[in-house]
Amino acid sequence: MLWLATTFLAALAHAQQYPNNTSPGGNDTDNSPLNFATSPPFYPSPWVEGTGDWAQAYAQAKAFVSQLTLLEKVNLTTGTGWQSNKCVGNVGSIPRLGFPALCMQDSPLGIRFADYVSAFPAGGTIAASWDRGEFYRRGYQMGQEHRAKGVDVQLGPAIGPLGRNPKGGRNWEGYSPDPYLTGVAVADTVRGIQDAGVIACTKHFIMNEQEHFRQPGQFEDFGFVDALSANLDDKTLHELYLWPFADAVRAGTGAIMCAYQKVNNSQACQNSYLQNYILKGELGFQGFIMSDWDAQHSGVASSFAGLDMTMPGGTDFNSGFSFWGPNLTVSILNGTVPQWRLDDAATRIMTAYYYVGRDKVNVPTNFDSWTRDTYGNVHYYAGTGYGLINEHVDVRGDHFRSIRRMAAKSTVLLKNSGALPLSGTEKWTSVFGDDAAVGKYGPNGCPDRGCNNGTLAMGWGSGTADFPYLIAPLEAIKNEVASNGGVVQSVTDNYAYNQIQSMASQSSVAIVFVNADSGEGYITVDGNMGDRNNLTLWGSGDALIQNVSALCNNTIVVIHSVGPVLVNSFYDSENITAILWAGLPGQESGNAIADILYGRRNPGGKLPFTIGSSVSEYGPDLIYEPTNGHGSPQDNFEEGVFIDYRAFDKKNIEPIYEFGFGLSYTTFSYSDIKVVKVPAGAYTPTTGQTMAAPTLGNYSRNIEDYLFPANATRPATFIFPYLNSTDLGEASQDPDYGVEYTWPAGATDGSPQARIAAGGAPGGNPQLWDVLFSVETTITNTGSRAGDEVVQCYLSLGGPEDPKVVLRGFDRLSIQPGQSATFHADITRRDVSNWDTVSQNWVISEYPKTVHVGASSRNLPLEASLDTSDYQS
Ligand code: NOJ
């Protein structure tokens with residue numbers, strides 16, 4: 001028990017001394033002004049008010065929470081412990097009202113730990129489709145599957161990491177290092193998931209940009225190292241990393257998961273500035289904040305700092321103790337945490353529940369995360385509660401069709417000297433690479449895809465789902481060629497040099513599959529602890545390409561990767577006649593690539609990131625080794641908003657393939673830019689005051705009412721809200737119970753609070769979305785095939801600190817040969833604004849602004865100026 005007391009005490013004392021968990025220490029060799037940055041305190045935690053279209057859900061939630069006892073409210077907020085129940089996260093139920101335990105389940109690309117589910121293309125792959133309809137449909141279909149398995153909260157989409165550095169292990173779970181593209185994708189995904197009746201949990205808030213040192217703990221041989229601190233300034237926060245979160249909140253995301261690491265030296269899940277001021281204040285978030293798994297590091301402090309639900313509930317996996325649970329009950333009973341704060345947490349959870357219509361869904365959880373056995377223990381860790389746990393419900397519908405289409409639409413043609421599309425009647429087709437076939441252990445052979453065997457169709461970690469099947473490229477190509485009466489052979493061992501050489505020299509076309517993988521930090525694959533160690537191809541992919549292309553002058557390279565890879569060694573070789581980036585396509589991988597290779601689909605995807613020629617071009621490296629002894633490595637985001645193409649533009653580096661680039665089997669021309677100024681009012685900062693924090697119902701002051709019921713069954717390590725003693729000190733299990741702490745000023749204040757000028761509605765001040773300009777251009781298909789063109793609109797905001805261009809609009813248009821289509825983009829106030837750190841609001845600067853339209857971030861043939869003089873702040 002002693003270790004536990006220390007844990008509580010350390011966390012509580014620390015939170016008290018440094019209200020935002022900021023503490024001194026560090027690496028004094030780094031002179032960055034961001035080094036040891038601190039995060040200002042902000043209290044009280046804003047209470048939900050039902051703004052925007054949340055009014056009805058809020059009213060229902062209030063009515064529900066008003067009937068709850070204190071124990072029942074605590075039960076809604078506290079996870080029951082790791083592997084305590086069927087889902088990766090579960091809170092307690094309210095049997096008195098027939099309210100089942102809520103189920104939270106990964107992942108952003110499907111349902112993790114379940115059978116008969118679909119494996120969709122990953123976030124960073126669907127982003128390459130630049131297709132709003134597909135973003136929405138993918139979200140909707142994932143939502144349908146979660147709903148039919150009895151999941152209340154899908155733990156996705158992911159938009160943090162955004163992708164500051166391309167080696168970040170989990171970038172592929174999110175969409176793109178561009179905040180605008182990510183913002184559109186996340187908003188449509190959230191709408192899709194929630195329209196299907198499931199709460200979306202947008203994650204990880206915020207700055208979760210690398211895996212190394214994401215949590216306090218042991219890493220490799222380094223011993224204990226505290227969680228890394230991502231240090232950044234207010235402008236970078238608003239203009240880059242927060243941008244897509246604003247879109248997610250505006251789209252109505254019901255939940256947001258706070259991140260593992262620290263931001264400005266304050267642990268993300270108890271960072272009052274980010275959670276109270278930014279997320280619930282400025283962005284007007286009406287849902288609930290859930291901790292990442294084991295990312296809560298204090299009880300009272302995290303509650304004051306805005307956390308609403310702790311996952312999976314314990315102080316540590318399977319500890320059986322909780323910072324909340326009985327301790328939250330105690331902290332209300334002894335008056336440390338005011339009732340309104342607990343009521344607000346419970347109301348936020350229930351508001352999200354009603355907002356997506358979960359009260360109308362009646363599907364009990366019908367699968368179990370921890371075993372595929374039909375019968376087993378529902379309390380897996382405790383080994384109790386034997387019964388039917390897996391009903392093996394097939395929830396896939398006909399989603400395979402859209403998965404195939406989405407994967408094909410997300411494939412990017414990077415080079416084509418005329419080799420593609422193939423006819424299927426090539427005399428001798430050879431397929432090379434271990435990435436062409438399913439690995440020997442099958443597509444799910446390694447838990448959480450924690451290995452790189454065979455064709456790569458998703459990364460590793462919690463952001464995965466089990467494949468129902470995986471169509472390998474080799475299978476699909478074989479079918480294609482064989483059905484045309486051709487010859488097709490393969491070598492799927494990258495190191496079988498003799499066989500590779502002899503087959504390459506006979507081939508009329510050689511298709512080489514290569515890959516690069518990454519994932520979540522709790523699994524190390526081939527020496528990569530989540531984050532990639534470099535940007536090179538895995539399995540000596542460069543050598544494979546070299547060996548094949550040296551002997552075959554019609555070599556086509558297909559890359560399956562989590563993000564950018566180095567293509568320097570082969571991209572400009574004459575013998576390489578085509579290059580395709582196919583990302584992480586999900587279960588229909590082979591069919592989708594065959595659709596592209598054989599011309600059933602004309603490629604229209606565009607890169608959602610830049611492919612450079614060295615990792616250093618992208619900016620600061622990840623931190624792979626402790627830089628601050630046992631203290632938090634200080635990760636200073638000094639590059640500000642200049643990541644990916646903005647960094648290349650700023651440093652004038654010519655990328656190999658720029659952000660937004662992608663070819664087609666046809667060609668397009670751009671003409672006639674037209675800009676129309678749309679009348680809009682002046683921007684008015686939000687003013688006024690909130691209502692006072694409501695308290696909902698009463699609670700008994702009789703401590704006896706909070707004891708474990710005499711007849712309670714208590715599975716080992718299961719976390720309950722009950723107390724084991726009427727002595728609150730004993731019940732808290734903290735030997736220092738009773739020590740007086742000074743809690744942050746204002747933390748318990750439930751009186752009306754000033755509204756935030758840049759806030760006012762979910763997503764921020766609604767006038768930020770006023771349309772100020774409408775832009776139109778004509779796009780003509782000048783080739784002989786029907787095709788899709790992703791038309792992109794960029795702005796130059798004109799200031800000395802602004803990127804050369806920033807993406808501010810796009811559309812994917814399908815155009816018949818010889819026909820034209822009109823591209824239309826609405827430019828909003830937010831699109832032309834900068835974050836002003838002094839007024840704490842968005843302003844339109846006096847610098848001249850230009851709109852550019854074209855086919856990529858570096859191919860922008862059309863431009864026009866935007867007259868923003870009426871709107872300057
Ligand atoms: C930790 C991961 O960071 C998070 O994304 C995931 O949802 C939880 N584990 C639950 O598996």
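Side chains included, hydrogens not; waters and symmetry mates left out as well; all remaining heavy atoms used. For this chain, numbers begin at 1 and follow the sequence in order. As the structure lists them, so they are numbered: ligands from 1, and atoms in each ligand from 1.
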Give every residue pair that meets the salt bridge (Lys or Arg N to Asp or Glu O under 4.0 Å) criterion with at least one member in residues 248-260, sequence neighbours excluded.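 Every candidate salt bridge (Lys or Arg N to Asp or Glu O under 4.0 Å) pair involving residues 248-260 fails, so no pair, neighbours aside, qualifies.
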Checking side chain to side chain donor-acceptor pair (under 3.5 Å) for the pair Gln296/Ser302: CA distance, chi angles, key distance, verdict? CA-CA 7 Å; Gln296 187 194 27; Ser302 65; 3.1 Å; yes
Hey, are Asp466 and Arg449 close enough for a salt bridge, meaning a charged N less than 4.0 Å from a carboxylate O? yes
Residues which pass side-chain hydrogen bond (donor to acceptor under 3.5 Å, both in side chains) with Gln275, listed by chain and number, not counting sequence neighbours: none
For the pair Tyr624 and His212, name the ring-plane relationship: parallel under 30°, tilted 30 to 60°, perpendicular over 60°.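 Plane angle over 60°, so perpendicular.
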I'd like the residue list for ligand 1, meaning every protein residue with a non-hydrogen atom under 4.0 Å from the ligand.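 Under the 4.0 Å cut-off, ligand 1 touches Asp106, Arg112, Leu155, Arg170, Lys203, His204, Arg214, Met257, Tyr260, Asp292, Trp293, Ser462, Glu520.
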Can you name the residues that form a side-chain contact (heavy atoms from CB on, under 4.5 Å) with Ala516, not counting sequence neighbours? Arg532, Trp538, Ser561, Val565
